[in-house]
Engineer: 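Structure incoming, see below.
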Amino acid sequence: QVQLVESGGGWVQPGGSLRLSCAASGSGFNIWNMGWYQQGPGKQRELVANIFIHGGGSNYADSAKGRFTISRGDAKNTVYLQMNNLKPEDTAVYYCNARDPRNVELWGQGTQVTVSS
């Protein structure tokens with residue numbers, strides 16, 4: 001019943017910034033953790049960052065540390081990924097992910113991020 005709605009992807013020059021948003025709507029899913037995963041061309045989907053909705057602790061991929069910031073919205077069913085100093089290797093489809101306390105997962109449809117000059 002719950003759906004993850006993503007926005008904020010697009011094209012940007014190297015060194016630019018984007019802010020991705022994800023909001024969960026609906027009922028029947030108790031969100032415990034939300035995050036962003038990326039899947040570049042010819043690569044597996046991998047974690048960029050995630051955050052515990054109630055406690056606020058977060059995790060980052062090494063490639064994201066110092067450039068990306070994940071944060072919770074005022075509502076506990078929203079999460080943002082501020083991406084600064086974007087590089088061509090960040091080009092990927094970015095997927096929002098949500099997990100309940102039993103680690104059941106939901107996925108968004110994905111939003112394309114393209115970094116090129």
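Note that these values count all heavy atoms, side chains included, but never hydrogens, waters or copies made by symmetry.
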Engineer: Please name all residues satisfying ring pair (Phe, Tyr, Trp, His ring centres under 6.0 Å) with F29, sequence neighbours left out, ordered by chain then number.
Structural biologist: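 Not a single residue meets the ring pair (Phe, Tyr, Trp, His ring centres under 6.0 Å) criterion with F29.
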Engineer: Taking all non-hydrogen atoms of both residues into account, name the closest pair between G110 and E6 and its distance.
Structural biologist: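 Of all heavy-atom pairs spanning G110 and E6, the closest is N-OE1, 2.6 Å.
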Engineer: If the condition is side-chain contact (heavy atoms from CB on, under 4.5 Å), which residues does V93 pass it with, not counting sequence neighbours?
Structural biologist: Y95, Q112
Engineer: Please list all pairs passing the disulfide (SG to SG under 2.5 Å) test where one or both residues lie in residues 30-67, with sequence neighbours left out.
Structural biologist: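 Listed by first then second residue: nothing to list.
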Engineer: For residues 41-48, which side-chain donor-acceptor pairs fall under 3.5 Å, sequence neighbours excluded?
Structural biologist:
none

Engineer: What pair of heavy atoms forms the shortest contact from R72 to I51, and how long is it?
Structural biologist: CG-CD1, 3.6 Å
Engineer: So which residues get pulled into W32's cluster when ILVMFWY side chains under 4.5 Å apart are joined, directly or through others?
Structural biologist: F52
Engineer: I need the minimum non-hydrogen distance between I31 and H54, along with the two atoms involved.
Structural biologist: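 Between these two residues, the closest heavy atoms are O-NE2, 3.7 Å.
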Engineer: Around atom CD of Q3, are there more than 12 heavy atoms of other residues, nucleotides or ligands at under 6.0 Å?
Structural biologist: no
Engineer: With sequence neighbours excluded, tell me which residues meet salt bridge (charged side-chain N to carboxylate O under 4.0 Å, His left out) with R67.
Structural biologist: D90
Engineer: Output all residues satisfying side-chain hydrogen bond (donor to acceptor under 3.5 Å, both in side chains) with S117, sequence neighbours left out; order by chain, then residue number.
Structural biologist: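 Result, side-chain hydrogen bond (donor to acceptor under 3.5 Å, both in side chains) vs S117: none returned.
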Engineer: Between atom CD1 of I53 and atom CG of N77, what is the distance when rounded to the nearest 0.5 Å?
Structural biologist: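 I53 CD1 to N77 CG: 8.0 Å, rounded to 0.5 Å.
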Engineer: Is the backbone N or O of V115 less than 3.5 Å from a side-chain atom of T91, with the two atoms forming a donor-acceptor pair by type?
Structural biologist: yes
Engineer: Within the structure provided, determine whether V113 and L20 are in side-chain contact (heavy-atom separation under 4.5 Å).
Structural biologist: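 Heavy-atom side-chain distance check passes, below 4.5 Å.
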Engineer: Among residues at least two apart in sequence or on other chains, which ones pass side-chain contact (heavy atoms from CB on, under 4.5 Å) with R99?
Structural biologist: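 R99 satisfies side-chain contact (heavy atoms from CB on, under 4.5 Å) with N33, Y37, N50, N97, N103, E105 once adjacent residues are dropped.
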Engineer: Going by side-chain contact (heavy atoms from CB on, under 4.5 Å), name the residues that satisfy it together with N84, two or more places apart in sequence or in a different chain.
Structural biologist: S17, Q82
Engineer: Might you point out which heavy atoms bring M34 and T78 nearest each other, and give the distance in Å?
Structural biologist: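 The answer is SD-N, 4.2 Å.
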Engineer: Which heavy atom of A98 sits nearest a heavy atom of L4, and at what distance?
Structural biologist: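 Heavy atoms of A98 and L4 come nearest at N-CD1, 3.8 Å.
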Engineer: Going by the rule salt bridge (charged side-chain N to carboxylate O under 4.0 Å, His left out), which residues pair with D74 if we only count those two or more places apart in sequence or in a different chain?
Structural biologist: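 Testing D74 for salt bridge (charged side-chain N to carboxylate O under 4.0 Å, His left out), a comparison that skips the adjacent residues, returns none.
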Engineer: Between Q1 (side chain) and S27 (backbone), is there a donor-acceptor pair under 3.5 Å?
Structural biologist: no
Engineer: Under the side-chain contact (heavy atoms from CB on, under 4.5 Å) rule, collect the residues that match up with S7, sequence neighbours excluded.
Structural biologist: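 Applying side-chain contact (heavy atoms from CB on, under 4.5 Å) to S7 gives S21.
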Engineer: Would you say V104 and V2 are hydrophobically clustered, going by side-chain heavy atoms of ILVMFWY under 4.5 Å?
Structural biologist: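 The answer is yes; both residues are in one hydrophobic cluster.
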Engineer: Check I70 against S58 and note the closest heavy-atom contact, atom names and distance.
Structural biologist: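 Where I70 meets S58 most closely, the heavy atoms are CG2-CB, 3.9 Å.
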Engineer: Does anything in residues 56-86 form a ring-ring contact (aromatic ring centres under 6.0 Å, His included)? List the pairs, not counting sequence neighbours.
Structural biologist: none
